[in-house]
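The structure appears right after this line, and notes come after that.
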Amino acid sequence: MTAAYNSGSTMARTLESLDPGTPVYAGQTRVGDVRAVYAEGNARIAELLVVHWDARDEDVAIPTTEVESVDDDGVQLMRRESDQYTDLAPFDAERFPTMKKLK
């Protein structure tokens, strides 16, 4: 299994083109939907997804290294159980002052 973004990977373009509302899954469980995609500074490489996590009813920050794949069904996260993501921090744009919203 490889990370979602590797140098030369086409995944970065896929992550950058994610639309708000794209479903996000941990295993077979739909955990939420994409709210935004962020990159560092002026870069165009997606580094952070903001996902509305349904069980917590809040937006969380997910590093793109946690994304296993993106397909027509949505975003598949690396960890297979939603309770394995209790460590995700709530998203607050002020905590990421150098990040720029791509979508």
Side-chain angles (χ1 to χ4, degrees):
M1 192 177 300
T2 59
Y5 177 75
N6 292 316
S7 181
S9 168
T10 58
M11 181 64 69
R13 286 189 295 275
T14 303
L15 288 170
E16 291 172 2
S17 66
L18 282 175
D19 290 321
T22 300
V24 178
Y25 297 89
Q28 297 297 314
T29 305
R30 184 174 193 261
V31 295
D33 60 82
V34 173
R35 292 294 169 100
V37 179
Y38 281 80
E40 182 68 36
N42 291 324
R44 296 289 307 156
I45 298 170
E47 291 191 31
L48 185 73
L49 297 181
V50 177
V51 173
H52 184 79
W53 202 267
D54 293 339
R56 292 169 54 173
D57 195 27
E58 68 181 337
D59 291 347
V60 297
I62 300 181
T64 57
T65 56
E66 279 293 322
V67 176
E68 180 177 9
S69 64
V70 178
D71 61 25
D72 291 340
D73 294 327
V75 176
Q76 180 66 55
L77 299 176
M78 293 279 216
R79 299 180 234 174
R80 296 306 200 193
E81 301 294 328
S82 62
D83 62 357
Q84 294 176 316
Y85 285 97
T86 58
D87 61 337
L88 294 174
F91 179 74
D92 178 0
E94 292 179 10
R95 290 183 51 230
F96 301 95
T98 61
M99 298 292 261
K100 176 182 71 173
K101 188 175 182 180
L102 297 176
K103 275 200 152 194

Identified side chain to side chain donor-acceptor pair (under 3.5 Å) counterpart of Glu68 within the set Arg80, Gln76, Arg79: Arg80
Check this for me: Asp72, atom CG, are more than 12 non-hydrogen atoms of other residues, nucleotides or ligands nearer than 6.0 Å? no
Donor-acceptor under 3.5 Å (Asp54 side chain, Asp57 main chain): no
Hey, are the side chains of Leu49 and Thr64 touching, using non-hydrogen atoms and a 4.5 Å cut-off? yes
Under-4.0 Å salt bridge between Arg35 and Asp33: yes
Between Trp53 and Ser82, which heavy-atom pair has the shortest distance, and what is it? CZ2-O, 3.8 Å
Mutual orientation of the aromatic rings belonging to Phe91 and Tyr38 [parallel < 30°, tilted 30-60°, perpendicular > 60°]: tilted
Which pair of non-hydrogen atoms, one from Ala43 and one from Lys100, has the smallest distance, and what is that distance? O-NZ, 4.0 Å
Going by heavy atoms in the side chains, are Leu77 and Gln84 under 4.5 Å from each other? no
Calculate, to the nearest 0.5 Å, the distance between atoms CG and CD belonging to Leu102 and Glu47 respectively. 9.5 Å
Quick one, Val60 with His52, criterion side-chain contact (heavy atoms from CB on, under 4.5 Å). Give me CA distance, side-chain angles, the key distance, then yes/no. CA-CA 6 Å; Val60 297; His52 184 79; over 6 Å; no
Let me check something: do Tyr25 and Ile62 share a hydrophobic cluster, defined by ILVMFWY side-chain heavy atoms less than 4.5 Å apart, either directly or through other members? no
If you round to the nearest 0.5 Å, how far is CD of Glu40 from CE of Met99? 5.5 Å
To the nearest 0.5 Å, tell me how far Asp73 CG sits from Thr22 OG1. 11.5 Å
Linking I/L/V/M/F/W/Y whenever any side-chain heavy atoms sit under 4.5 Å apart, do Tyr85 and Val51 land together? yes
Flag yes if Leu88 and Val37 sit in one hydrophobic cluster, no otherwise; membership is Ile, Leu, Val, Met, Phe, Trp, Tyr, and two members link when side-chain heavy atoms are under 4.5 Å apart. yes
Spacing of CG belonging to Asp83 relative to OG1 belonging to Thr29, to within rounding of 0.5 Å: 9.0 Å
